[in-house]
Amino acid sequence: MSQEIEHVQCLIIGSGPAGYTAAIYAARADLKPVMYTGMEPGGQLTQTTEVDNFPGYPSGITGPEMMEDLRKQAERFGTDIRFGYVSEVDFLSVPRKVIVDDIKTITADTVIISTGATAKWLGLPSEQKYNGFGVSACAVCDGFFFKGQDVAIVGAGDTAAEEATYLAKLCRKVYMLVRRDEFRASKAMVHRVMNTPNIEVIYNTETQEIIGNGKNVTAVRVLNNQTNEESDIPVEGFFVAIGHKPNTDIFKGWLDMDETGYLKTIPGSTKTNVEGVFAAGDVQDHYYRQAVTAAGSGCMAALDAERYLAAKEDEVKMVS
Ligand code: NDP
């Protein structure tokens with residue numbers, strides 16, 4: 001299987017804000033981090049347009065530009081950033097073992113996992129076509145661009161309910177498209193939605209198509225799955241909030257996860273159930289899911305890794 005073995009002190013898997021921030025801190029602590037970017041260097045933010053809520057950018061910045069800045073900053077302190085995909089791990093072995101692109105074996109004293117999560121999409125071609133031009137999977141990121149306008153949001157879980165109420169504060173009207181005749185969200189969240197006058201919940205409704213003028217979204221075509229009636233709702237924005245999938249498939253069986261696949265960390269830290277393996281960013285956070293919170297936990301992971309290595313070194317000195 002493996003042709004080549006390389007040993008590193010600190011291996012970072014994934015290259016979103018969590019991974020790059022971990023890299024900046026780990027490099028400055030002289031852990032000589034090696035990062036594997038995954039197939040989408042920069043992560044979810046490379047799919048967004050303007051980022052206006054990351055502190056330090058008073059005029060905003062595009063997602064791809066911000067990730068480029070983070071990459072350069074991580075490189076400036078000596079992070080070895082490599083394009084590659086971690087295809088397998090062995091967290092029983094000491095040091096921890098990771099296989100990259102099915103061929104290269106890396107052993108690592110510490111591993112920081114920042115593989116993120118992927119927003120689920122409906123899978124319509126028109127949704128892809130207008131992604132970034134009226135279609136978004138993040139109300140907190142993009143809601144601002146629809147101030148005073150009409151938008152629709154699809155989904156009926158806690159995220160959709162929360163994002164609908166967030167959008168309702170900015171937008172004139174929010175149509176909430178629920179595919180069944182009931183919500184999945186908690187009672188408290190449903191209560192909040194029901195008590196927001198400018199949210200209109202439309203039950204038994206499936207999205208057929210996002211309609212646009214070639215540049216921007218102008219409406220959403222929906223189907224009532226009880227009556228089979230089709231209709232168009234004029235909207236400028238269309239938000240998808242049907243859940244996220246954490247990118248944790250390769251860690252199944254090695255690391256503790258919740259029932260939806262998010263990695264579990266020891267509260268107040270980034271420690272997983274495996275010594276020397278840390279998790280940061282959306283891969284362990286289904287709740288906040290912001291670039292800035294991911295970056296914060298990336299910093300925590302690097303500090304946790306550094307302290308873990310220092311404690312190990314102390315142990316060795318005590319024994320000898
Ligand atoms: P969920 O999986 O809970 O909900 C997804 C929703 O999207 C469901 O209502 C589902 O419908 C709907 N959906 C899925 N596919 C489609 C589709 N193709 N067309 C239309 N609708 C679709 O995801 P969430 O992101 O909402 O929540 C994930 C987890 O995070 C949950 O455990 C949640 O409780 C938690 N969370 C908690 C928050 C809080 O406490 N404040 C805030 C946000 C999330 P259906 O119901 O018919 O299956």
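In each ligand, atom 1 is the first atom listed, and ligand 1 is the first ligand listed.
For atom 12 (C) of ligand 1, the nearest non-hydrogen atom from the set V178, I242, L124, T207 comes from I242. Considering R180, H286, K120 only, the shortest heavy-atom separation from atom 46 (O) of ligand 1 involves R180. With atom 6 (C) of ligand 1 as the reference point, the heavy atom nearest to it among S186, A185, G157 is part of G157. Considering only non-hydrogen atoms, atom 16 (C) of ligand 1 lies nearest to R179 out of R179, K245, R184, R192.
Of all atoms in ligand 1, listed by their number and element, those nearer than 4.0 Å to a heavy atom of V154 are 20 (C). Close approach of ligand 1 to L122 is summarised as follows: ligand atoms under 4.0 Å from at least one heavy atom of the residue are 17 (C), 18 (N), 19 (N).
The shortest contact between atom 34 (O) of ligand 1 and any protein heavy atom is with D158 OD2, 2.5 Å. The nearest protein atom to atom 27 (O) of ligand 1, hydrogens excluded, is given as T159 OG1, 3.6 Å; this is a heavy-atom distance. In terms of protein heavy-atom proximity, atom 23 (O) of ligand 1 is nearest to G243 CA, 3.7 Å. For atom 41 (N) of ligand 1, the nearest protein heavy atom (residue, atom name, distance) is E162 OE2, 3.1 Å. Atom 40 (O) of ligand 1 has its closest protein heavy atom at Y287 CE1, 3.7 Å.
Of the possible polar contacts, one joining the D158 side chain to the S186 backbone as a donor-acceptor pair under 3.5 Å is found.
The closest side-chain heavy-atom distance from L70 to I24 is below 4.5 Å. Looking at heavy atoms from C-beta onward, Q9 lies in side-chain contact with L309 at the 4.5 angstrom threshold.
The protein does not reach atom 32 (O) of ligand 1 closely, with no heavy atom under 4.0 angstrom from it.
For the side-chain contact (heavy atoms from CB on, under 4.5 Å) with W254, the lone residue among T272, T248, N273, D90 that qualifies is D90.
A 6.0 Å sphere centred on OH of Y25 holds no more than 12 heavy atoms belonging to other residues, nucleotides or ligands.
No hydrogens or angles considered: nothing links the side chains of N224 and T205 as a donor-acceptor pair under 3.5 Å.
Atom-to-atom distance recorded for L255:CG and Y262:OH is 16.0 Å, nearest 0.5 angstrom.
Ring to ring, F83 and Y36 are not that close: their centroids are 6.0 angstrom or more apart.
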